[in-house]
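Structure first, commentary second.
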Amino acid sequence: MYTQALDIPDPGREASLKAVPPPTDATQVAHQARFDARIDADGKIEPQDWMPEAYRKTLVRQISQHAHSEIIGMQPEGNWISRAPSLKRKAILLAKVQDEGGHGLYLYSAGETLGTSRDQMLDALHTGKAKYSSIFNYPTLTWADVGVIGWLVDGAAIMNQVPICRCSYGPYARAMIRICKEESFHQRQGFESLMAQMTGTPAQRAMVQDAVNRWWWPVLAMFGPPDADSPNSAQGMRWGIKRISNDDLRQKFVDATVPQARILGVTLPDPDLHWNEARQQHDYGAIDWDEFWATVNGNGPCNSERLATRVKAHNDGQWVRDAALAHARKQKQRTLKEAA
Ligand SMILES: [Fe+2]
Ligand SMILES: [Fe+2]
């Protein structure tokens, strides 16, 4: 998932990001010129290349927020694996949730190429310092929520993530290519599950509509604050990290989703949503940004539950990490002994 624009400002670090110091000596000036030329030519920056400190910090923040979102995002749907209504739905859901875990792992690996360890990134998540996508702090109350997450949340993720396949940082761009292919499966399985429910009983159709009503607005907020309130966006665009603005992505998502809702037979819960002939786009109502910021800052419906579950899973897995390290040590000793 799920850059809401996976780069939520962190007030503590803003000062260092905004103050990009000018290069001081001739070597630095040369490095900066080479970096700028590569970006201007739409080339890739690789881990061994020189890069400005602010570029590195921005990427670590964005990639780690993205990784955390994938990992925390396993929880709302994981709740339903044991309650899926058929073996087929259970197998699909298991595969999807495992994909999300895999996305997290690729992204932590991409983050590590920037010189920040996985332990550091996880520690920031577990202590509540790091952000993750606001959307995963909402509860999954019914089976229809699982379908709606696939259709809308993964659908929004694709909108957000396809442009990141062209990100200027090589390891992030390459990780996103595989991730986007899997997100496409996630979106389609969600839509197909909802289609099945919409051909069911009136109670099933009502359950789908209720889930759409609860998820629609938080999904629109996932794209991040309006462009006017996104001070880092311009720099992200200059560096080739961000390619399309939050508002433009949100608009693309609304325009793509309205016809899909019509096919499903659900109503999107926005009385102001209608086609604007002049703009050739949909107009839509006002998003509750207070709710968004409250959720991002830890006060959403499930924030503390999500974090507590994550920390417990990490602690419960300590013996696996210890065993893997002990095994690696033993193998190394054996190799050294054989070589002697
Ligand atoms: Fe994902
Ligand atoms: Fe996904």
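Order of appearance sets the numbers: ligands from 1, and atoms from 1 within every ligand. All residue numbers in this chain count up from 1 along the given sequence. Model, not experiment: these values are computed from the prediction.
The pair Arg174-Glu46 meets the salt-bridge criterion, since a charged nitrogen lies less than 4.0 angstrom from a carboxylate oxygen. Looking at Lys96 and Asp99, no side-chain N of the basic residue comes within less than 4.0 Å of a carboxylate O on the acidic one, giving no salt bridge.
Not one N, O or S atom of Asp154 sits under 2.8 Å from the Fe ion (ligand 1). Counting backbone and side-chain atoms alike, His103 contributes no N/O/S atom closer than 2.8 Å to the Fe ion (ligand 2). Counting backbone and side-chain atoms alike, Asp99 contributes no N/O/S atom closer than 2.8 Å to the Fe ion (ligand 1). Using a cut-off of 2.8 Å, one finds that Glu100 contributes an N/O/S atom close to the Fe ion (ligand 2). For the Fe ion (ligand 2), the N/O/S atoms of Glu183 include one lying under 2.8 Å.
Atom OH of Tyr284 is separated from atom CH2 of Trp217 by 8.5 Å, given to the nearest 0.5 angstrom.
In the model, Thr295 has no side-chain atom that pairs as donor or acceptor with a side-chain atom of Asn137 under 3.5 Å.
Note on Val320 and Leu325: separate hydrophobic clusters, where clusters join Ile, Leu, Val, Met, Phe, Trp and Tyr whose side-chain heavy atoms are under 4.5 Å apart, directly or indirectly.
The backbone N or O of Met207 sits nowhere less than 3.5 Å from a side-chain atom of Trp143 that would complete a donor-acceptor pair.
Distances from the Fe ion (ligand 1) to the N/O/S atoms of Glu70 are shortest for OE1. The name of the N, O or S atom in His186 nearest to the Fe ion (ligand 2) is ND1.
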